[in-house]
Amino acid sequence: MSKTKIDGILSQFFGPDFQIGSYVKGEIIKGHGEIIEMRRAHDDTLLFSYPDADESLVKIASDAATQAGKQWWAMAAKDRGRIMYQIGAAIRQEIDNLAFIECATANKPYNDARGDVTRVAEMFEYYAGWADKLHGEVIPVPTSHLNYVCYEPLGNVMQITPWNAPLNTCGWQIAPAIAAGNAVILKPSELTPLSSMIIGLLIERAGAPKGLVSVIVGYGHTIGQAMIAGADIRKVCFVGSPMTGRHIAIAAAQRCIPAILELGGKSANIVFDDANIEQALRGAMAAIFGGTGQSCVSGSRLLIQETIYDRFVADLALASAKIRVGDPEEQGTEIGPVNNPKQYRHVCTMLEKAQAEGAVVVAGREPIPEGAGYYVNPTILNGNNEMYCAREEIFGPVVVAIPFRDEADAIRIANDSRFGLAGAVWTNNVARAHRVASKVNAGTFWINGYKSIHVSSPFGGYGDSGYGRSSGIEALREYSEVKSVWVETAENPVFSFNYGAGEE
Ligand code: NAD
């Protein structure tokens, strides 16, 4: 059922002869490389197979972006804003279709996918408002000069996104980049390219110049690397795993271009015994099991004060057993399968290693064998912070519960990680809440909550979770060049140089 429905949706957008390929300047360009398979995680059936993109695309997409970028920047800022607002409206209009594509290919429960579509529309609407407000400023320099600073686009920007949130990360990065006047070449994960292709098309339909946003479809180590090495790009934004992030940063450094790295995490969700326990319990469930645990900000280390540890873990086990795991396309499903076979094997291996190290499985059955869908039940491990499962990303519905003694111990454990993406504290002690928030190394931190994220507020990591910031005004700065202009205003200026003014 899902394949027929996906085909129907795609032919509405791209015509009846639709084939997966790169979307550049209003056309789909089919590759001729290695065949890539997209499988349905629920039952392991083949959804699509398509060839990797060819390297000849590097010049085609790059030239298209350069040309469209000039056109875009030449427009009045308010007109760019108006088009961006229309992109948001076009996305809202396609909520059913986009949500279904995301549900069927990224394995998100349909209602969660609808939420993602709305959030992506909001990203374009938010930055639409910024398009004519990204103005410069005047600096009161101590000389006779008028000194003003203005923001200019970088030019072409390369963006690389992962499979866990394809639609969300696509809108998240494209919207601020084009609001700041840039053109974008986006390479989504080879496993989930479809929703990004549709966004590329909707951007043009809303009136953006053709070529302003190209979507390149294929592997990262082939066409992704070729783009970074060969295209005329001025910055790379990478959302993905820490290991790939390193390759990207090296490739960008070789061309002397900057990068934004939005990488993984191992976030500490800290529960004190003075918290509202019922809320903390619900928060802990959402923090780790939402999105099948395939979320960069997952609360994958659950730090529980030792006075309430046994009770809290037992209650969490009872509650997690009630989560409805199943086909993401079915109404009522709360979490779907792990996205792909490689990730499924990784989760299984991490569980085996955890048990070998002495972690005790308190909830969650054994993973269902491969071939019958890549399902892993919500799993709770009794562990400690030294274990491999507490140090590396599992990126599945698996939480490691870790006891702590007191506030200092909680902060020490939370910061004993190479990552620093997010974290949370649950307590009714206001002073403690702020103390902990100020001491935990994380780009995003919640007090008595988890996973609230909005396009208006900056997001990014400390440590191995990456660098640079997305969302908010910070993202516009990331996607801008800063120019300082000095205007001499004195009638008889005094120059700091006076060459040739000596005696004859
Ligand atoms: P990944 O690193 O395997 O792949 C991400 C993207 O990089 C894909 O498009 C892939 O094709 C591309 N890629 C792979 N190798 C490449 C190379 N050598 N050169 C250029 N591109 C290359 O990550 P994934 O498994 O798709 O995603 C999961 C990871 O993403 C997790 O670590 C998760 O925490 C992270 N993530 C981070 C954020 C954030 O905002 N910090 C958001 C979502 C996901």
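Atoms within a ligand are numbered from 1 in the order they appear, just like the ligands themselves. It should be emphasised that the depicted structure is a prediction, and the values quoted were computed from it without experimental measurement.
- When heavy-atom distances to ligand 1 are checked against 4.0 Å, the residues falling inside are Ile160, Thr161, Pro162, Trp163, Asn164, Trp172, Lys187, Pro188, Ser189, Glu190, Gly220, His221, Gln225, Phe238, Val239, Gly240, Ser241, Pro242, Thr244, Ile248, Glu262, Leu263, Gly264, Cys296, Glu393, Phe395, Leu421, Phe459, ordered by chain and number.
- Under the side-chain hydrogen bond (donor to acceptor under 3.5 Å, both in side chains) criterion, Asn384 pairs with no residue, sequence neighbours left out.
- Screening residues 387-402 for side-chain hydrogen bond (donor to acceptor under 3.5 Å, both in side chains), with sequence neighbours left out, gives Arg391-Asp416, Glu392-Arg418.
- Stacking of Lys3 on the aromatic ring of Phe48 is recorded, both the 6.0 Å distance cut-off and the 45° axial limit being met.
- Annotation: salt bridge (charged side-chain N to carboxylate O under 4.0 Å, His left out) contacts of Glu262 (sequence neighbours excluded): none.
- Counted by atom type alone, Thr333 and Asp327 present zero donor-acceptor pairs between their side chains at under 3.5 Å.
- Of the N and O atoms on the side chains of His247 and Gln225, not one donor lies less than 3.5 Å from an acceptor on the other residue.
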